[in-house]
Amino acid sequence: MDDFKEVLEEAREESPAIVTQDDPSGRPWTWEEDGYTVIRSNARSGPGCHDNCGVLMYVKDGVLEKIEGDPENPFNQGRLCPRCLAFKEMLYHKDRLKYPLKRKKEDRGKNTFERISWDEAYDIIEREMKAVIEKYGAKSIWVTQGTGRDINGYGPLMAQYFGTPNYGTGFLSGQACYAPRMFSTAFKSGGLFVCDYSQFFPDRYDDPRWSPPEYALIWGNNPVVANSDGMLGHWIVECMKRGTKLIVMDPMLTWMAGKADVFIQLRPGTDAALAIAMAHQIIEDGLEDKEFIEKWCYGFDEFKAHVKQFPPSWAAEICGVDEDLIIEAARKLGGARSACLQWGVSMDHTSEGFITGMACYDLMALTGNFEKPGGMLAARPAFGMSVTWLPNVDVWAECTPPVDEADTMNTDYPALKVIAAISPDMLLTAMETGEPYPIKAMFMMQNNAIACMGAAPQRILPALQSMEFNVCVDLFMTPTVLACADVVLPAACFAERMGITGHQPYALGAIAQAIEPVGECKSDQRIIYEVGERFVDESYKQWDDEHGMYDYLLRNSGFTYDSLRDRTWAYPEFEYYKHEKGLLRADGKPGFATATGLYNFVCIEMPYFGMPDVPVYEEPPESPISRPDLAEKYPLVLTTGARPWGFFHSEHRQSPSMRALHPNPTVSIHPETAAKYGISEGDKVRIENNFGACVQTAHLTKRLRKDTVSADHAWWFPERGADDGTLFGVMEVNINQLVPMRPGKIGLGASYKSQLCSISKVEE
Ligand SMILES: Nc1nc2c(c(=O)[nH]1)N[C@H]1C(S)=C(S)[C@@H](COP(=O)(O)OP(=O)(O)OC[C@H]3O[C@@H](n4cnc5c(=O)[nH]c(N)nc54)[C@H](O)[C@@H]3O)O[C@H]1N2
Ligand SMILES: Nc1nc2c(c(=O)[nH]1)N[C@H]1C(S)=C(S)[C@@H](COP(=O)(O)OP(=O)(O)OC[C@H]3O[C@@H](n4cnc5c(=O)[nH]c(N)nc54)[C@H](O)[C@@H]3O)O[C@H]1N2
Ligand code: SF4
Ligand SMILES: [Mo]
């Protein structure tokens, strides 16, 4: 460890001053004001979110009294969404987990937890996990997280400490969030590119190098509500004020759809057909960017011949939209000075989601919208700090002995091997059957699988309850914790701990601690290495405390935790047209970081996965077209999980003001459709299909397609308490009972947003 400190010191002395775009002088991270100590920080999680909005936390006598958006922070420019404004309701909630707990294995599901010390909790974890390792091998331990909260990048270290290759999202069938899009973009363009809303510049919209996209394609995404994956919806609104126009693809007339030049209200799950037909039309009209294609793309002629078969009239029928709208969208996109693709998780939530992603992404190459102002920009980690943006296990290589990856639970799916991800679908089967090998213990952080992430919770619940040992780390007692945990560890919120920001390819920042944790809560990061120390010998120890851990993590960035915290954020240098300047490839040559060195209209790797090398439309496995037999009984298309303002997935149900925004699990139905089934606003509705059923409350809205219903996800009722024997009512309302654990053919994508269902009024 001393070696590392010396190396760090030497590197500091030798390295030239870090070049940043922002000037931190005159920007204190803490000060006194009107009797408060003010702490400037970045809100990460928990509670959960993909973002890191700048906050000012006002503390008096050790208590967080108020929180405001930091007007100086370029990321959010002073704005906060309702969840951070109501942060105190979560932070100081009476139901927060405050101490480690244990429970007898035979009591799973019952509220018979006992408070224990951290030492006892670690002793139990050490004893039980070592017993499982002894009996079944380390690979029978599964370490899991939820979506990209502040566990991203750190979780793999926990798995490494146990010596298991099985780390990943908990029962997210087909890794159906971002992984399909990451896979598409890796093969198409050698990595992810994101829309340019000026977020790479600290002076934002005023930076003279920047110009807004002429068109933003808002595709299966609701950015003003979801603010997903490190972007904020109000950036688009700011761009709109500066001239950006919208093309929106969504079965629901969202706020943004209402402001669009073209709104394509398509049938869920048909996006790939729409994208292919738009490509057809753009080429038909000669609107493709010939120069970009000639210089930087591979396989265009084959792609052109392929899409020629699929005119807008073909897609119009599949998508259930007007052909003229498709032509109009294609012409607007084709004629635009600049455009970008703001895509959402709906891309991934079809069974062949990565193909949908590829088809939409091709439109950006076809129109030459890479690496120019207002186009798509390479989303590489700021200051090389990959760990919290794209999880990178190499950063932790020296912290444990190497882990044997050969047996990772993904062997059925070559695509998952390529992206080094587990298959949650295989994992569940392994728990149920012991094949291909048993999974016997779980260490779960930031995941409420039974309420939210897992499809088919009716399979997950018994599978988790039959494990030999389960640990859950959370902020609250959730249905999943109550159902299966043997040891529960209480996690700290962002105000209670230090950290660095994540999910941002444009800046790096620090989370500054403002208050002492409530009870005995600890950060997830500290829990990971404190548990981990029980599983490796002293020689792997790289730091003494949390502060040391962040210094270690930042060791190649040029920052220490303190130097980063002192400035709160840092923006690296930025350049456009990186593909022309040799800045995208490891060998420094111009082009994209793909096997061909070009953007791939034809992906030569796809046949290796048994897939066509150009995007081909496939009907969802259950749709009125693919399964007319099923559609007779279940005539409506079901999409699920459209994000609401006040909840992050299954979180915030216990926050009074967030709950007031959306008190009940709601299924949105067009009034004409509802009338057909005798359903009125506020009625209890049974939603059912061939996989399962649940009950939610009807909300009638003309904003939705008539053939589609849109149901909430992730509901439970914390107010019922842990003693009523229903796991907080989770199974009564959980729409995921209607979604199978069943990925697309190569292991990516799942059918969260494209099912069939019937609806009927529940007589009360
Ligand atoms: N407030 C809040 N914010 C969140 C989250 C949250 O739970 N709450 N979750 C976070 C996470 S993990 C994610 S992945 C993101 C997701 O954020 P988004 O990508 O915005 O996802 P959704 O809100 O599920 O869906 C976006 C839109 O897709 C539409 N849609 C549904 N089915 C289809 C379809 O088949 N095709 C098309 N084109 N559109 C369809 C819906 O009507 C909705 O308007 O949000 C993140 N942000
Ligand atoms: N039907 C349907 N289901 C879906 C979706 C859908 O659109 N439709 N969307 C899917 C998608 S895209 C995703 S990404 C998943 C998301 O699924 P998850 O990310 O797993 O979300 P949650 O189930 O809410 O579980 C998160 C848990 O983490 C806890 N938590 C929050 N912050 C912290 C923290 O800092 N530390 C610790 N230790 N715990 C914390 C919360 O209290 C909560 O219990 O859901 C999926 N499920
Ligand atoms: S998007 Fe909302 S919850 Fe997330 S950090 Fe920003 S204000 Fe907080
Ligand atoms: Mo997600």
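- In this structure, a donor-acceptor pair under 3.5 Å is absent between the side chains of N76 and H234.
- Put simply, the side chain of R204 gets close to the backbone of Y197: a donor and an acceptor are under 3.5 Å apart.
- Applying the side-chain contact (heavy atoms from CB on, under 4.5 Å) criterion to S189, with sequence neighbours excluded, gives T185, F193, Y361, F370, F592, Y599.
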* To do: Applying salt bridge (charged side-chain N to carboxylate O under 4.0 Å, His left out), run through D150 and R497 and close with a yes or a no.
  => CA-CA 12 Å; D150 195 33; R497 62 175 176 88; 3.1 Å; yes
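- How far CD1 of I67 is from OG of S41: 8.5 Å, rounded to the nearest 0.5 Å.
- With a 4.5 Å cut-off on side-chain heavy atoms, R242 and W210 count as touching.
- Every residue two or more places apart in sequence or in another chain that forms a side-chain contact (heavy atoms from CB on, under 4.5 Å) with E68 is listed here: Y58, K66.
- For N600 (side chain) and Y298 (main-chain N/O), no donor-acceptor pair under 3.5 Å exists by modelled atom type.
- Separating the CG atom in D524 from the CD1 atom in I151 is a distance of 4.0 Å, to the nearest 0.5 Å.
- Ring-plane geometry between F300 and F303 is classed as tilted, the angle between the planes lying from 30 to 60 degrees on a 0 to 90 degree scale.
- Two residues are said to be in side-chain contact when any heavy atoms from C-beta on lie closer than 4.5 Å; C340 and D196 fail this criterion.
- For A570, the side-chain contact (heavy atoms from CB on, under 4.5 Å) partners at least two apart in sequence or on another chain are T20, D22, F383, F559, L564, R567.
- Within a 6.0 Å radius of CD in E33, other residues, nucleotides and ligands contribute more than 12 heavy atoms.
- Residues K188 and T594 form no side-chain contact, since every pair of their non-hydrogen atoms from C-beta on lies 4.5 Å or further apart.
- Within the 4.5 Å cutoff, side-chain heavy atoms of H649 are placed close to those of R643.
- K753 places none of its side-chain heavy atoms less than 4.5 Å from the side chain of T350.
- Side chains of P24 and W29 form no contact here, defined as non-hydrogen atoms less than 4.5 Å apart.
- Proximity of W235 to F75: side-chain heavy atoms (C-beta onward) are separated by under 4.5 Å at one or more points.
- Of the options R27, R79, R40, a salt bridge (charged side-chain N to carboxylate O under 4.0 Å, His left out) to D70 is made by R40 and by none of the others.
- At a threshold of 4.5 Å between non-hydrogen side-chain atoms, the residues H280 and I276 do not count as touching.
- In the model, T501 has no side-chain atom that pairs as donor or acceptor with a side-chain atom of R44 under 3.5 Å.
- Cation-pi geometry between R181 and Y178 is not met: the NZ or CZ atom fails to fall both under 6.0 Å from the ring centre and inside 45° of the normal.
- Proximity of a side-chain donor or acceptor of S338 to a complementary backbone N or O of E214 within less than 3.5 Å is detected.
- Annotation: side chain to side chain donor-acceptor pair (under 3.5 Å) contacts of K581 (sequence neighbours excluded): E575.
- Between K241 and E238, at least one side-chain nitrogen of the basic residue sits less than 4.0 Å from a carboxylate oxygen of the acidic one, meeting the salt-bridge criterion.
- A donor atom on one side chain and an acceptor atom on the other are not found under 3.5 Å apart for N73 and N52.
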Could you list the donor-acceptor pairs under 3.5 angstrom formed by side chains in residues 248-259, with sequence neighbours left out?
| unit_1 | atom_1 | unit_2 | atom_2 | d |
| --- | --- | --- | --- | --- |
| D250 | OD1 | M252 | N | 2.7 |
| T254 | OG1 | A257 | N | 3.1 |

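- Side chain of D23 to backbone of S25: a donor-acceptor contact under 3.5 angstrom is found.
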* **Criterion side chain to side chain contact (heavy atoms under 4.5 Å, CB included) on M498 and I511, from CA distance to verdict** => CA-CA 5 Å; M498 57 170 65; I511 302 168; 5.9 Å; no
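- Side-chain N or O atoms of D551 include one that pairs as donor or acceptor with a backbone N or O of Y561 at under 3.5 Å.
- With 3.5 Å as the limit, one finds a donor-acceptor pair spanning the side chains of N369 and T367.
- Under the 30°/60° scheme for interplanar angles, the aromatic rings of H50 and F648 are found to stand perpendicular.
- Residues passing the side-chain contact (heavy atoms from CB on, under 4.5 Å) test with D587, sequence neighbours excluded: R585, K589.
- Side-chain N or O atoms of E371 include one that pairs as donor or acceptor with a backbone N or O of K578 at under 3.5 Å.
- Using a 30° and 60° split on the angle between ring planes, H579 and Y577 fall in the tilted class, from 30° to 60°.
- Salt-bridge check for E651 with R83: failed, with every basic side-chain N at 4.0 Å or more from each acidic carboxylate O.
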